[in-house]
Amino acid sequence: MAETSTNTSLVNDYFRAIERGDLDAVRASYAPDAVIWHNDGAGEQDLEANLAVLRVLSGGIRDLHFDVSRRVDVGDGVFQQHVLRGQLPNGEESALDTVMYLAVTGGKITRIEEYFDVATVTRIIALAKNLSENVAENVAENAVEA
């Protein structure tokens, strides 16, 4: 998909950083007061809460990637439709259909509105979080034994 604007280039870089697990680059894509909203009824997230979720996802899902089917610069932001794919800790392949609007001001993402199937994302996060916690426990145990 050819990138033709600053907004779409920023959004492309943002998603590539998530795929790499580069949370410093993800953080740099956001305005400091960025707000993230999901259709899960939990209200808005601030930057730190969103990075915590992305840390769990990138640490717990192998080959995490976004298959973008549509990305449109709408002037004050970018509309994107994609499927989040990767392998869950139990070996199952995940596919989460998502639609997002990413508001962009001054070359930074200021707001995200994300729509997905809540049951599917809850399950994915729970499995990824369980793996992340198990890895952290194993690292701690190995450090104690050393």
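Since the structure is predicted, the reported quantities are computational estimates derived from the model, not experimental observations.
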Looking only at heavy atoms, what is the nearest atom pair of A17 and A25, with distance?
CB-CB, 3.7 Å
What's the shortest heavy-atom distance between K108 and A31, and which atoms?
CB-N, 3.6 Å
Passing candidate, side chain to side chain contact (heavy atoms under 4.5 Å, CB included) with M100, options F15, F79, Y115, F116:
F15
List the atom of L23, the atom of L54, and the distance in Å for their closest heavy-atom pair.
CD2-CB, 4.0 Å
Look only at the side chain of N7 and the backbone of G75, and say whether a donor-acceptor pair between them is shorter than 3.5 Å.
yes
Distance col, row R123:CZ vs T120:OG1, nearest 0.5 angstrom, shows 8.0 Å
Rounded to the nearest 0.5 Å, the CD atom of E114 sits from the CG atom of L96 at a distance of 7.5 Å
Please determine whether side chain to side chain contact (heavy atoms under 4.5 Å, CB included) holds for the pair N12 and R71, giving the CA-CA distance in whole Å, both sets of side-chain angles, and the decisive distance to 0.1 Å.
CA-CA 9 Å; N12 185 63; R71 182 181 289 154; 3.3 Å; yes
All heavy atoms of S58 vs all of G21, minimum pair found to be CB-CA, 3.9 Å
Which distance, rounded to the nearest 0.5 Å, do you find between the OG1 of T110 and the CD1 of I36?
9.5 Å
Result of checking Q80, H82, Q81 against T98 for side chain to side chain contact (heavy atoms under 4.5 Å, CB included):
H82
From CG (L10) to CG (L102), nearest 0.5 Å
8.5 Å
Under 4.0 Å between a Lys/Arg side-chain N and an Asp/Glu carboxylate O for E93 and R62?
no
Is there a side-chain contact between I124 and L57 in this structure, where contact means two heavy atoms from C-beta onward sitting under 4.5 Å apart?
yes
Heavy-atom nearest pair, E48 first then R27, reads OE2-NH1, 2.5 Å
Kindly indicate, with the supporting measurements, whether the criterion side chain to side chain contact (heavy atoms under 4.5 Å, CB included) is fulfilled by Y14 and V104.
CA-CA 12 Å; Y14 168 79; V104 177; over 6 Å; no
Between CG on residue L51 and CD on residue Q45, distance to nearest 0.5 Å
9.0 Å
Is it true that D76 and Y101 share a donor-acceptor pair across their side chains at a distance under 3.5 Å?
yes
Mind checking whether V35 and I112 sit in one hydrophobic cluster, side chains of I, L, V, M, F, W, Y counted as touching below 4.5 Å?
no
Same apolar cluster: L84 and V118, side chain cutoff 4.5 Å
yes
Distance (rounded to the nearest 0.5 Å) between L88 CG and L64 CG
10.5 Å
Closest non-hydrogen contact found for G86 with I61 is CA-CG2, 3.6 Å
